[in-house]
Protein chains: 2
Amino acid sequence: MSQHRHPGASGRAGAVPALPDLPEATVARLPEYLRALHNLADAGHETVSSEGLSAAAGVNSAKLRKDLSHLGSYGTRGVGYDVALLIEQIEYVLGLTQHRAVALVGVGNLGHALAGYDGFAGRGFRIAALLDADPSRVGEEINGLVVRHVDELPAIAAAESISIGVIATPAAAAQRVADQLVAVGVTSILNFAPCVLSVPEGVDVRKVDLAIELQILSFHEHRKASLTALPATGGSALTALPGGLAATDTQEAIGT
Amino acid sequence: MSQHRHPGASGRAGAVPALPDLPEATVARLPEYLRALHNLADAGHETVSSEGLSAAAGVNSAKLRKDLSHLGSYGTRGVGYDVALLIEQIEYVLGLTQHRAVALVGVGNLGHALAGYDGFAGRGFRIAALLDADPSRVGEEINGLVVRHVDELPAIAAAESISIGVIATPAAAAQRVADQLVAVGVTSILNFAPCVLSVPEGVDVRKVDLAIELQILSFHEHRKASLTALPATGGSALTALPGGLAATDTQEAIGT
DNA sequence: AGGCGCTTGTGAAGACGTGCACAAATCGCG
DNA sequence: CGCGATTTGTGCACGTCTTCACAAGCGCCT
Ligand SMILES: NC(=O)c1ccc[n+]([C@@H]2O[C@H](COP(=O)([O-])OP(=O)(O)OC[C@H]3O[C@@H](n4cnc5c(N)ncnc54)[C@H](O)[C@@H]3O)[C@@H](O)[C@H]2O)c1
Ligand SMILES: NC(=O)c1ccc[n+]([C@@H]2O[C@H](COP(=O)([O-])OP(=O)(O)OC[C@H]3O[C@@H](n4cnc5c(N)ncnc54)[C@H](O)[C@@H]3O)[C@@H](O)[C@H]2O)c1
């Protein structure tokens, strides 16, 4: 179990292994596969078929196979995928083998919940700093970590490399915080504030917005309500969803 | 201001206006436009061009125009869009005109933050019930709402129609909770637990998973690190991102 | 009234993502 | 040793999404 290393690499025999450039949609699904694989490993499974893994991850099996094929050719025909090996490969590709330090800015309502979340450390992420601008919050200890003032960010970043910045401040402060994070070299930001951030090229921003999710659900409720109001034929309105429904991001009706 | 009503409707002159069936990608962006429009309205703007609105929402202007064209033909050539009218239209399409009751199940670490969040009520959503299985949590009052036992769900749903269920329980309990929600007629679920839910056809599930977002960011960090390690020519590695970079879901480098 | 500048709405092309269906590969067993 | 059962990896076709580029429409100014 040692001759399996970054096989899809084009040429490039440098010291740092070049990553196969994965489709973005694939990248977004790999963490889901990873979670399913960990569950399988905990349950004692040594191998898993694409059918089994795809069911556990809630996706199409062909899609899963295509996704995994982008990483290289792990898996054995007629058998399936070696669970431990696949975990190792996906974690490598996602860059989870090197532990990443996270700085959380804004320790309010939401920030407290995030700071107290143990699912962070579970997968290679470590909250390295809690920051807030409110003097009355500075000094508070949460989960063994002391809240420090946001102006200390440069010093903190100098002490240890911050890999990812998480913004949990009000929207009005988010852009300023983003600028501060970028200024100390952070190139990945997870933003919980409902606003658009502008950042220089090379910096990645992902947004999590509860209100948007609710509104999307609201649309589907609205649509479903307007659909059931149409056909006055029979009474079974529950199976009335038309054929090509294409629930792109939403998972809908995954088996039973 | 009264002759503008659901114009894109195909035929169907029934009592309930049929919705134009929007592309899922468009639906996911409408809430973003809506937020930008509210900001513009608060700032006193009466109209806005596609260029202006798209900049505020962080998208391509052609994309914005195509998205809005799916709703019908609001907007005036040579002028732009009427802000108030567009807000009204988007809110109608998203089903936000009828206020929606949300049931939040799992009032733990995260659930507390959600329950105390005022951004909920800001846009047509109202938390109608807080539910938990832990007897020691039942009876606690948060934000004027008393936590009730999850077994009371049928009674609560009977008293008022629950539009959306939010699951903030540990993953192990999420499927059971989802089943309970479905049993009382909920057809839209927002799931914060890191697991795949299986629900019957016609029920929409959206998932918010912090760990997945972090892992996606981690991948990009990993990729950026492996890229800067390649070219030993000059020194400027920051602009080294190759042309077709296609940050699909991630917003990257939005102006300055 | 007429022209001019500005902005929308959309056709068309290309990029991207999905899913079927099957050949190639592997294992276990007779 | 060969064969059938099983499962991967992928070519291909289809649908969706994005982006460009421009004609059509609108208002304003002369
Ligand atoms: N609470 C939720 O459930 C929830 C859900 C979705 C989105 N959000 C969003 O998350 C963000 C935070 O929400 P919240 O409920 O925790 O708000 P909050 O007001 O409780 O907390 C905000 C915190 O940020 C701090 N802060 C303000 N300006 C700062 C700055 N410049 N630098 C550092 N810290 C600063 C404040 O001192 C405060 O502690 C908001 O943008 C909100 O819209 C919250
Ligand atoms: N805290 C975070 O920042 C965070 C971030 C992302 C995801 N999550 C996820 O959100 C979920 C909740 O996280 P948390 O930190 O609030 O956990 P928590 O343990 O603090 O809270 C869970 C709550 O759910 C209740 N519960 C358990 N079983 C239940 C049932 N069958 N019916 C009703 N209620 C039940 C518990 O009594 C508890 O109050 C978890 O799945 C977690 O992985 C949390």
Side-chain angles (χ1 to χ4, degrees), chain A residues 4 7-8 20-30 32-33 45-83 85-86 89 242-252 254, chain B residues 4 7-8 20-30 32-33 45-83 85-86 89 242-252 254:
Chain A
H4 43 70
D21 57 343
L22 308 174
E24 194 60 29
T26 295
V27 174
R29 283 187 294 264
L30 287 180
E32 203 76 56
Y33 303 156
H45 292 74
E46 301 250 322
T47 65
V48 64
S49 71
S50 65
E51 203 66 46
L53 182 53
S54 68
V59 301
N60 184 301
S61 71
K63 199 189 300 194
L64 174 100
R65 286 198 298 275
K66 186 150 291 190
D67 283 341
L68 294 186
S69 76
H70 288 123
L71 308 187
S73 197
Y74 307 96
T76 311
R77 290 156 129 101
V79 177
Y81 299 91
D82 182 300
V83 172
L85 172 58
L86 204 48
Q89 284 305 316
L245 223 261
T248 312
D249 201 8
T250 306
Q251 60 163 141
E252 177 161 354
I254 296 181
Chain B
H4 40 71
D21 56 343
L22 308 174
E24 194 61 30
T26 295
V27 174
R29 281 186 296 264
L30 286 181
E32 203 79 54
Y33 303 156
H45 291 73
E46 301 251 322
T47 63
V48 63
S49 70
S50 65
E51 203 65 47
L53 182 53
S54 68
V59 302
N60 185 302
S61 72
K63 199 190 298 194
L64 173 101
R65 286 199 298 277
K66 183 146 289 189
D67 283 341
L68 294 186
S69 76
H70 288 124
L71 308 186
S73 195
Y74 307 96
T76 311
R77 289 164 200 252
V79 178
Y81 299 91
D82 183 297
V83 172
L85 172 57
L86 204 47
Q89 283 306 315
L245 223 263
T248 313
D249 201 7
T250 305
Q251 60 164 142
E252 176 161 355
I254 296 181

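The sequence lines fix the lettering, A, B, ..., with proteins before strands; numbering per chain opens at 1. These numbers come from a predicted model, not from an experiment.
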Can you measure [X] atom [atom1] to [N] atom [atom2] for me and round it to whole angstrom units?
X	N	atom1	atom2	result
L85(A)	dT8(D)	CG	P	14 Å
D67(B)	dT19(D)	CG	P	11 Å
L22(A)	dG17(C)	CG	C1'	14 Å
L68(B)	dT19(D)	CG	P	16 Å
L64(B)	dT8(C)	CG	C1'	11 Å
L86(A)	dT8(D)	CG	C1'	13 Å
R65(B)	dT18(D)	CZ	P	15 Å
E51(A)	dG9(D)	CD	C1'	15 Å

Check the pair L86(A), Y33(A) against side chain to side chain contact (heavy atoms under 4.5 Å, CB included), reporting the backbone distance first and the verdict last.
-> CA-CA 9 Å; L86(A) 204 48; Y33(A) 303 156; over 6 Å; no
Is there a side-chain contact between [X] and [Y], using heavy atoms and a 4.5 Å cut-off?
X	Y	result
L30(A)	L22(A)	yes
L53(A)	V83(A)	no
S69(B)	R65(B)	no
T47(B)	Y81(B)	no

Atom CG of D21(A) with >12 non-hydrogen neighbours under 6.0 angstrom =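 Open.
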Is the distance from OP1 or OP2 of [N] to the nearest side-chain N or O of [X] less than 4.0 Å?
X	N	result
S49(B)	dT7(C)	no
Y81(B)	dG9(C)	yes
N60(B)	dC17(D)	no

Given [options], identify the nucleotide with an atom nearest to the side chain of [X].
X	options	value
V79(A)	dC27(C), dG17(C), dC17(D)	dC27(C)
A62(A)	dC20(C), dG17(C), dC17(D)	dC20(C)
R77(B)	dT8(C), dG9(D), dA21(D)	dT8(C)

Toward the 5' end of DNA chain C, which comes first, G78(B) or R29(A), by nearest nucleotide?
->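 Result of the comparison: G78(B).
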Given DNA chain C, 5'-ward residue of the pair T26(A) and T76(A), judged by closest heavy atom =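 The residue closer to the strand's 5' end, by nearest nucleotide, is T26(A).
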Stepwise side chain to side chain contact (heavy atoms under 4.5 Å, CB included) check, N60(B) with L64(B) | CA-CA 6 Å; N60(B) 185 302; L64(B) 173 101; over 6 Å; no
Going by modelled atom types, is there a donor-acceptor pair between the base of dT18(D) and the side chain of K66(B) at under 3.5 Å?
->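 Absent.
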Check nucleotides 1-4 of chain D for protein N or O atoms closer than 3.5 Å to its own N or O atoms and list the pairs.
none

